[in-house]
Amino acid sequence: MKTLLIKNATVITLGEKNRVLPQHSVLIEGEHIKKIAPDKDIQVQANEEIDAKGMLLMPGFINAHMHFYSSFARGLGKANPSKNFGEVLENLWWRLDKKLTLEDSYYSTMVACVDAIKKGTTTLIDHHASPHAITGSLKSVAGAILDAGLRGNLCYELSDRDGARISREGIEENIEFIRHCQENPNDHLRALFGLHASFTLEDATLKLAVEEAKKYKAGFHVHCAEDISDQEITFKKTGKRVVRRLNDLGILGPQTILGHCIHLDDEELDLVAKSGSMIVHNPQSNMNNAVGVANVNKMLSKGILVGLGTDAMTVNMLEELRSALWINHLFNKNPSVGFMECTGLLTQSNAKIANRFWTGLGEIKEGCKADVILMNYHAPTPLDETTFLGHLVFGLSNGVVDSTIVSGKVLMRHQNLLGIDEERVAHRSRELATKLWGRF
Ligand SMILES: [Zn+2]
């Protein structure tokens with residue numbers, strides 16, 4: 001089996017009990033971490049070696065809620081100004097996603113993957129939409145994930161907003177991809193059943209989705225009470241609040257991811273907790289869309305597994321972490337709360353979320369998956385287990401990711417992307433985005 005030795009690193013293990021181990025080496029064998037030991041104790045001839053020169057070696061970051069397709073909105077100025085969340089969807093996202101082709105789905109994913117490798121994000125849980133190019137879209141997204149060498153958990157966002165035929169196609173695309181992943185196991189890919197949001201889905205469609213997903217034991221990935229309008233429309237339509245409705249239909253559970261959950265009452269939070277469902281907090285997106293602030297501390301106090309996503313605002317998880325922290329202070333009108341909670345979303349909870357679908361992610365430990373990054377950061381103040389989180393928020397967030405390794409394969413070495421021609425990807429993306437904007 002191929003071996004890779006990373007020498008002379010300061011290892012940050014994360015996991016339940018984070019340790020900071022200076023002057024350590026990590027031996028990777030195949031796709032896994034084989035050995036972690038002081039430099040002097042690992043004297044092996046590996047197939048490949050990297051001298052970390054004292055850089056920090058950490059687990060790759062995990063983004064628990066993403067939309068790759070939104071890469072092609074970067075710089076698009078043609079959307080009408082929006083007064084509220086509904087208009088953001090109508091004026092931008094639901095106009096844009098209808099114009100996406102299968103090749104757009106591939107390249108918009110590839111663009112985000114290039115950024116993710118550069119920022120050390122190695123696993124991404126995505127929610128895809130392309131209502132006029134649904135069939136095969138998840139394989140297009142998956143193709144980019146595989147070509148980039150990252151890990152992705154993919155789904156198609158089923159919705160009734162474009163009529164029965166497109167809704168039906170959304171169900172089929174989810175099932176087709178879930179089946180594909182089960183029949184062709186590949187550790188880079190996982191599948192969920194995607195649902196847009198309660199307010200764009202009828203009971204009959206949701207019942208069908210649950211029936212199909214159950215056959216494959218698949219969980220769901222759904223936007224949940226991101227804006228108050230999700231509650232208002234759902235209640236008007238069904239007489240139930242969003243989480244009660246999702247719960248009654250059988251959508252909640254330990255394999256289900258609920259994005260946002262800003263406008264939930266106590267009863268709904270209790271239902272989420274009881275079901276074991278996961279919540280993903282996306283602070284930058286919430287601020288950008290002016291939809292409100294999720295009460296993360298309350299969710300955590302109820303025992304809910306809450307992770308951190310970016311909702312495609314960025315793939316830089318440290319940028320998102322800082323936003324989570326600042327908005328938590330502001331929301332609670334207290335600069336001293338939420339530090340452990342917010343840092344824990346990224347350093348602990350995202351690994352737990354990913355490990356409901358994979359095993360051995362988010363920790364540097366013998367036997368874990370070799371998803372490893374090197375950060376070119378030389379601590380200007382003491383760095384150990386007691387100070388690491390302070391360095392993460394205030395120092396590493398401005399640090400440079402030097403190398404990114406996924407499943408034992410080096411995707412970026414000393415800031416050079418290996419295996420991806422970034423210029424070619426950007427060139428083709430610009431051609432496709434130009435055409436897309438012409439159709440917008
Ligand atoms: Zn989203």
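These numbers come from the heavy atoms of this one structure, side chains and all, not from hydrogens, waters or symmetry mates. One-based numbering, in listed order, for ligands and for the atoms of each.
Taking all atoms of both residues into account, the shortest heavy-atom contact from Ala209 to Leu158 is CB-CD2, 4.0 Å. Annotation for Ser285 and Thr310: closest pair CB-O, 4.3 Å, computed over non-hydrogen atoms. Between Ala354 and Ile62, the shortest heavy-atom contact is CB-CD1, 3.8 Å.
Counting only distances under 2.8 Å, and ignoring water, the protein N, O or S atoms around the Zn ion (ligand 1) are His65 NE2, His67 NE2, His223 NE2, Asp311 OD1.
Annotation: cation-pi pair Arg95/Phe440 present, NZ/CZ under 6.0 Å from the ring centroid and within 45° of its normal.
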Quick one: do Glu169 and Thr135 satisfy side-chain hydrogen bond (donor to acceptor under 3.5 Å, both in side chains)? Show the steps, please. CA-CA 7 Å; Glu169 217 183 323; Thr135 303; 2.8 Å; yes
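Interatomic distance, Leu258 CG to Glu268 CD, rounded to the nearest 0.5 Å: 10.5 Å.
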